[in-house]
Amino acid sequence: MDSTHPQSKSGSESTVSRRRVLGALGGGTLAASAGCVRQVGALMNREAPEQLSFTIKTAPADADPRAIRIARFLAKRLQAVGIEASITPMSNEVLLRDVLLNHAFDIFIAPMRGRPDPDFLRPLLHSRFGAEPGTQNPYGYANLDVDALLERQRAQTGKRRRKTLARLQRSVVRDQPFSVVAFPDEIRVTRADGYAGWEQRPIHTPLGYLGLDRDAAGTADRLSGDTSEDERALRMTLTDSRPTESLNPLAPEFRASGTITDLLYDPLGRWVDGQVRPWLASSWTWSRPPDAPGPVATVELREDLTWHDGTDLTASDVAFTYRLLADTSLGRLESPVPAPRFRGLGSLVTDAEAVDERTVRLSLVPSSRPVATRSLTAPVLPEHVWEAKAQQATVAGLDPNGAVTQALVWSNPDPVGSGPLRLERRRPRELLVFARNEDHFLTRDGLADHLAPFAGGFTPDQLAFTVVPSGGAAVELVRAGDADATASGVMPADVPEVGRSDELNLHVTRPRTCYQVGYNVRRGALSSPRFRRAVGRLLDKQFLAREVFERYGQPAASPLARHRSVAPSLVWNGEDPELPFPGEAGQLDVERAREAFRDAGYRYSSDGDLLGT
């Protein structure tokens, strides 16, 4: 058990009490009185309630200044209502390892990445995933009604699905396994005299990079001595060094957006203009055999696909990939070890079979066409490389009781993918350089219409990511002409400098990623929805959106706030529609807040400490 668990404190103090009692019994001072013995028995069988205590885990200020400010705000309000609260900053990879893999936390604060289809909520919240390590249900949340709604929406479309999703959102917001805080805008900076096409698609996405126009490039010929003069490199800054340390697409603690590994590994289908369209696949057809519980996809691969090492990419690789996602031990361990990062997609596929060299058949669970098509967006991995990674692994920092395979922890230093870029150089915590894949299918003629904007593949010769310490340093590098754009977002404080410069352009997008306060519902008071609701009310989201996100963010109550299917009753209308903040402008009305905890069944000591039950 984590030492920060509220029961830890009460446990140690109750041990002292028991020792005193046992000492008294040993000395015979209480043995003579039956009444006293009954008192002793009562004392030994009851734990004195102690002040509730929680640790908030989050990334440090240099890695995520927004998260640490939310943590400080929450910690102060928890202390104001009588709860002992402390903050433990930790690196992103350790934070995600503790939260996603080890489940060793009380409360965490981190971004929650949304997806185009609301079905991303199913792995996030379904009770079947609560005991598994990974991005799926790290809270340990379980609600059978929510499970039923998650399953139902998966097979519905149109108005029926939106109605189910609305019920689902209301149930989840009522239970608060996590509290949505706000959806930040993403701010990035490009050079005005550099590459053209940044405005076509979101920056630092696979299609954003593939849609750039090299011919319109002005000064993009340098890479601080890492590129020869006759090569053109697109030079990006990166404040997150994790991709330089691991290029394993299955490792959740090293992946944020996954953009870089998405450039190395192609999927069968990719999201293009709001739809999953054929990518490695030339086409797919759907059928529903009478004896099949769900739809069946017959996928045809493009001709002459190869891996970066020259090996043919075949349907056998595709079938292998889905078997690996379902069980990274490939049956070698007693229980399956699913790939945590793609648990939602992998759980849609029940069987994968290579029919011939270019045809693979995927059998799916009962699901609607849009949800089923999502399964085609998983990265396809080479069987001849990854089959050897199915062995069990022992890794420091991971729960020894959880089975771990090499496939989940291998750093993949020399990735063999099929994507439009291949790795050329890597210096951990400093630099990643990728080279254009001349053999990629996008370099061929006869592409379908939806691929026309990306014809020719990645047009610069190289794509380089230089790790910088902060967004401010990144802006300065771009302003000085030593980089073409920022891959990581920059802070609103950097916006005025961009506005004053004729050399820089500002790009603001509104992704579906929100900041969340996550609760470990396996632990003590946090297992109570009423208690979590009282904690959720301590978040003045309107104030945080203004002060922490500096007006580049919108407060929200639902994780689907930026989807068409957001529940009408959960649309933000000046205050939280479910858990309004008891106070104003960040100032807490302490007595009103404490009343919420009393209503949840908790009581206070004479010193004002909130006591555990």
Worked verdict on R161 versus D117 for salt bridge (Lys or Arg N to Asp or Glu O under 4.0 Å): CA-CA 12 Å; R161 190 184 189 207; D117 190 282; 2.7 Å; yes
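- Taking the six-membered ring where the residue is Trp, Y265 and W386 present perpendicular rings, their angle passing 60° and hence far from 30°.
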D309/T311 under side-chain hydrogen bond (donor to acceptor under 3.5 Å, both in side chains): CA gap, chis, key distance, verdict: CA-CA 6 Å; D309 63 0; T311 306; 3.0 Å; yes
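- Heavy atoms from other residues, nucleotides or ligands lying under 6.0 Å from CD of E357 number 12 at most.
- Between R242 and E245, no side-chain nitrogen of the basic residue sits less than 4.0 Å from a carboxylate oxygen of the acidic one, so the salt-bridge criterion is not met.
- In terms of heavy-atom proximity, L364 sits nearest to S375 at CD2-OG, 3.4 Å.
- Residues R188 and H204 have side chains that never bring a donor and an acceptor to within less than 3.5 angstrom of each other.
- Among residues two or more places apart in sequence or in another chain, the salt bridge (charged side-chain N to carboxylate O under 4.0 Å, His left out) test is passed with R510 by D185.
- Remark: D312 does not engage R358 in a salt bridge, criterion side-chain N to carboxylate O under 4.0 Å.
- With hydrogens and angles ignored, the 3.5 Å screen pairs a side-chain donor or acceptor of R341 with a backbone N or O of P249.
- The pair R113-E186 fails the salt-bridge criterion, with no side-chain N (NZ, NE, NH1 or NH2) lying under 4.0 Å from an Asp/Glu carboxylate O.
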side-chain hydrogen bond (donor to acceptor under 3.5 Å, both in side chains) between D175 and Y139, worked out: CA-CA 12 Å; D175 287 356; Y139 326 101; over 6 Å; no
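- The environment of CZ in R167 is sparse: at most 12 heavy-atom neighbours from other residues, nucleotides or ligands sit within 6.0 Å.
- Legend: residues meeting ring pair (Phe, Tyr, Trp, His ring centres under 6.0 Å) with H308, ordered by chain and number and at least two apart, are absent.
- Every residue was checked against the side-chain hydrogen bond (donor to acceptor under 3.5 Å, both in side chains) condition with R422, not counting sequence neighbours, and none meets it.
- Judged as a side-chain hydrogen bond (donor to acceptor under 3.5 Å, both in side chains), the pairs with a partner in residues 274-299 (not counting sequence neighbours) are, in order, D266-W279.
- In terms of the ring pair (Phe, Tyr, Trp, His ring centres under 6.0 Å) criterion, F183 has no residue partners (sequence neighbours excluded).
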Ring pair (Phe, Tyr, Trp, His ring centres under 6.0 Å) evaluation trace for Y141 with H126: CA-CA 7 Å; Y141 174 62; H126 201 295; over 10 Å; no
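- Listed for the D147 side chain is a donor-acceptor partner under 3.5 Å among the backbone atoms of S127.
- Residues satisfying the ring pair (Phe, Tyr, Trp, His ring centres under 6.0 Å) test with F342, not counting sequence neighbours, are none.
- Open room surrounds CZ on R160; 12 or fewer heavy atoms of other groups in view lie less than 6.0 Å from it.
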